[in-house]
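The chain is numbered in sequence order, starting from 1. Computed from heavy atoms alone, side chains included, the values below leave out hydrogens, waters and symmetry copies.
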Amino acid sequence: GRRKLLMALGLTWFTTLLSLVGVAHHYILILILVLLAGLGASFYHPLSTFFLSASFIKSRGRAFGIHGVGGGLGSFMAPILMGSLAAMWGWRHSILIIFVPGVLISCLIFLIVKENGGERKAGGRLMSVITLPVITLMVIRVLSNTCYSGFVAFLPTYFVEGGFSIVIAGAYTAILFASGVVGQLAGGWLSDRFGRKLVIGLTNALAGLFLFLFMVSKGFLSLIFLACVGLFLFATWPVAFAFTADLTPRDLVATATGVMFGLGVGGSALGPFLAGQLADAFNIGFSYLILSILVLGCAALSLALPGKHEA
């Protein structure tokens, strides 16, 4: 099928160009390779969302949660693995290895993923994606990613300014990601059981609340609140993608989620800038207060989404 071929080729393109960074010796060339590699990576999320939503219609939330766990574990393990390899062989030799798993996974995608060959393109129904619920979900996604990236960007600095070493600051920051793995699993499963609207609204509200509590607390209690931030903030992500799939014609799921993912990346770029400006003008604590308000705004926006029996 065309979709799985594009996904496999995109992943091969991504890992091939990224591995070539290991033999590039000029900054401009490295920059071009990374930018072009990103084009290949952009195929994965919209197409994987299409396959998951088509294969797990009655348990989309759980499927997206498990899928998110894989991404979270990869993000957690990659720096450790690549850092260890770089320490042994140097970063240039280590990055060349990326090509091998990339090609192997691409082959597995092409051989294992099943695609319904009988589907047709949506044609003139593209405008059917642009509805108030889908637009609302996209706004929630942008605000959520803005909060997440702004929070994470200055979290180690926040701990260092609190008197902790860089090593301890890094370890404490990892708590956010570890709890986020559990959050994605729980969020997806709960949305299948109790409805997407309820879970998106509740998890955003709790994420905003615990972010505020983390900011005003100290010691071990602050780490508990930090874990709760990761648990509830990450829990919204698989639900948002599953909800988009619910609200979109099946043959336009890849398009809708591609737009949502792209807007989310925009939010991720905005977050550190916004948090940094606020931290310079006031302090990191004040920037976290504004970010917590943004997440609470996501909870308020969820009221405009259709309920379990309306979607």
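Side-chain contact between T146 and V142: present, with at least one pair of heavy atoms (C-beta onward) separated by less than 4.5 Å. F64 places none of its side-chain heavy atoms less than 4.5 Å from the side chain of T244. Looking at heavy atoms from C-beta onward, I284 lies in side-chain contact with Y288 at the 4.5 angstrom threshold. Two residues are said to be in side-chain contact when any heavy atoms from C-beta on lie closer than 4.5 Å; L155 and L226 meet this criterion. Within the 4.5 Å cutoff, the side chain of M7 has heavy atoms near those of the F51 side chain. Here the side chains of L31 and V34 are not in contact, with every heavy-atom distance at 4.5 Å or above. Residues L247 and P306 have side chains in contact (heavy-atom distance under 4.5 Å, counting atoms from C-beta outward).
In terms of modelled atom types and a separation under 3.5 Å, the side chain of R92 and the main chain of A24 share a donor-acceptor contact. In terms of modelled atom types and a separation under 3.5 Å, the side chain of Y158 and the main chain of G285 share no donor-acceptor contact. S106 contributes a side-chain N or O that, together with a main-chain N or O of A8, makes up a donor-acceptor pair within less than 3.5 Å. D192 contributes a side-chain N or O that, together with a main-chain N or O of R62, makes up a donor-acceptor pair within less than 3.5 Å. Checking side-chain atoms of S302 against main-chain N and O of A299 turns up a donor-acceptor pair under 3.5 Å. Formation of a donor-acceptor pair under 3.5 Å by the T16 side chain with backbone atoms of W13 is not found in this model.
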Test log, rule side-chain contact (heavy atoms from CB on, under 4.5 Å), inputs L185 and I66: CA-CA 6 Å; L185 270 179; I66 294 172; 3.6 Å; yes
side-chain contact (heavy atoms from CB on, under 4.5 Å) between L143 and L301, intermediate numbers included: CA-CA 10 Å; L143 293 178; L301 283 171; 3.9 Å; yes
Verdict with reasoning, N145 to W237, per side-chain contact (heavy atoms from CB on, under 4.5 Å): CA-CA 9 Å; N145 275 38; W237 295 358; 4.0 Å; yes
Trace of the side-chain contact (heavy atoms from CB on, under 4.5 Å) decision for F243 with I140: CA-CA 12 Å; F243 210 161; I140 290 174; over 6 Å; no
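Rounding to the nearest 0.5 Å places CZ of F241 at 13.5 Å from CG of D246. Here NE2 of H67 is found 10.0 Å from CD of Q184. Values are rounded to the nearest 0.5 Å. Atom CD1 of I175 sits about 11.0 Å away from atom SG of C228, to the nearest 0.5 Å. Atoms CG and OG, from L274 and S149 in turn, are 9.0 Å apart once rounded to the nearest 0.5 Å. To the nearest 0.5 Å, the span separating CD1 on I224 from CG on L213 amounts to 12.5 Å. Between the OG atom in S59 and the CH2 atom in W189 there is a gap of 12.5 Å [rounded to 0.5 Å].
Ring geometry, F164 versus Y172: the interplanar angle exceeds 60°, so the pair is classed perpendicular (tilted spans 30 to 60°). F282 and F286 have tilted rings, their planes meeting at an angle from 30° to 60° on a 0 to 90° scale. Note on ring orientation: taking the six-membered ring where Trp is involved, the planes of F210 and F225 are tilted (angle from 30° to 60°).
Across every non-hydrogen atom of V295 and C147, the tightest pair is CG2-SG, 3.0 Å. Of all non-hydrogen atoms in F154 and P272, the two that sit nearest each other are CE1-O, 3.5 Å. Of all heavy-atom pairs spanning P156 and T173, the tightest one is CG-OG1, 3.7 Å. Heavy atoms only, all atoms of each residue included: S94 and W89 are closest at OG-CB, 4.3 Å. Across all non-hydrogen atoms, the minimal contact from T203 to A235 is CG2-CB, 3.9 Å. Taking both residues in full, the closest heavy atoms of F159 and A169 are given as CB-CB, 3.7 Å, listed atom of the first, atom of the second, then distance.
When the side chains of ILVMFWY residues are joined at heavy-atom separations under 4.5 Å, either directly or via intervening members, L233 and V182 end up in a single hydrophobic cluster. In terms of hydrophobic clustering, with Ile, Leu, Val, Met, Phe, Trp and Tyr side chains grouped at heavy-atom distances under 4.5 Å, L211 and L294 are assigned to a common cluster. Both Y27 and L29 are part of a single hydrophobic cluster, where members link through side-chain heavy atoms under 4.5 Å apart. I290 and L209 fall within a single hydrophobic cluster, where Ile, Leu, Val, Met, Phe, Trp and Tyr are joined by side-chain heavy atoms under 4.5 Å apart, directly or via other members. One hydrophobic cluster holds both L20 and I32 under the rule that ILVMFWY side chains link at heavy-atom gaps under 4.5 Å.
Surrounding NE2 of H26 are at most 12 heavy atoms belonging to other residues, nucleotides or ligands under 6.0 Å away. Within 6.0 Å of CZ in F212 there are 12 or fewer heavy atoms belonging to other residues, nucleotides or ligands.
No option in V23, V21, L18 other than V21 meets the side-chain contact (heavy atoms from CB on, under 4.5 Å) test with L33. The only option from L291, V229, L289 that meets the side-chain contact (heavy atoms from CB on, under 4.5 Å) definition with M215 turns out to be L289.
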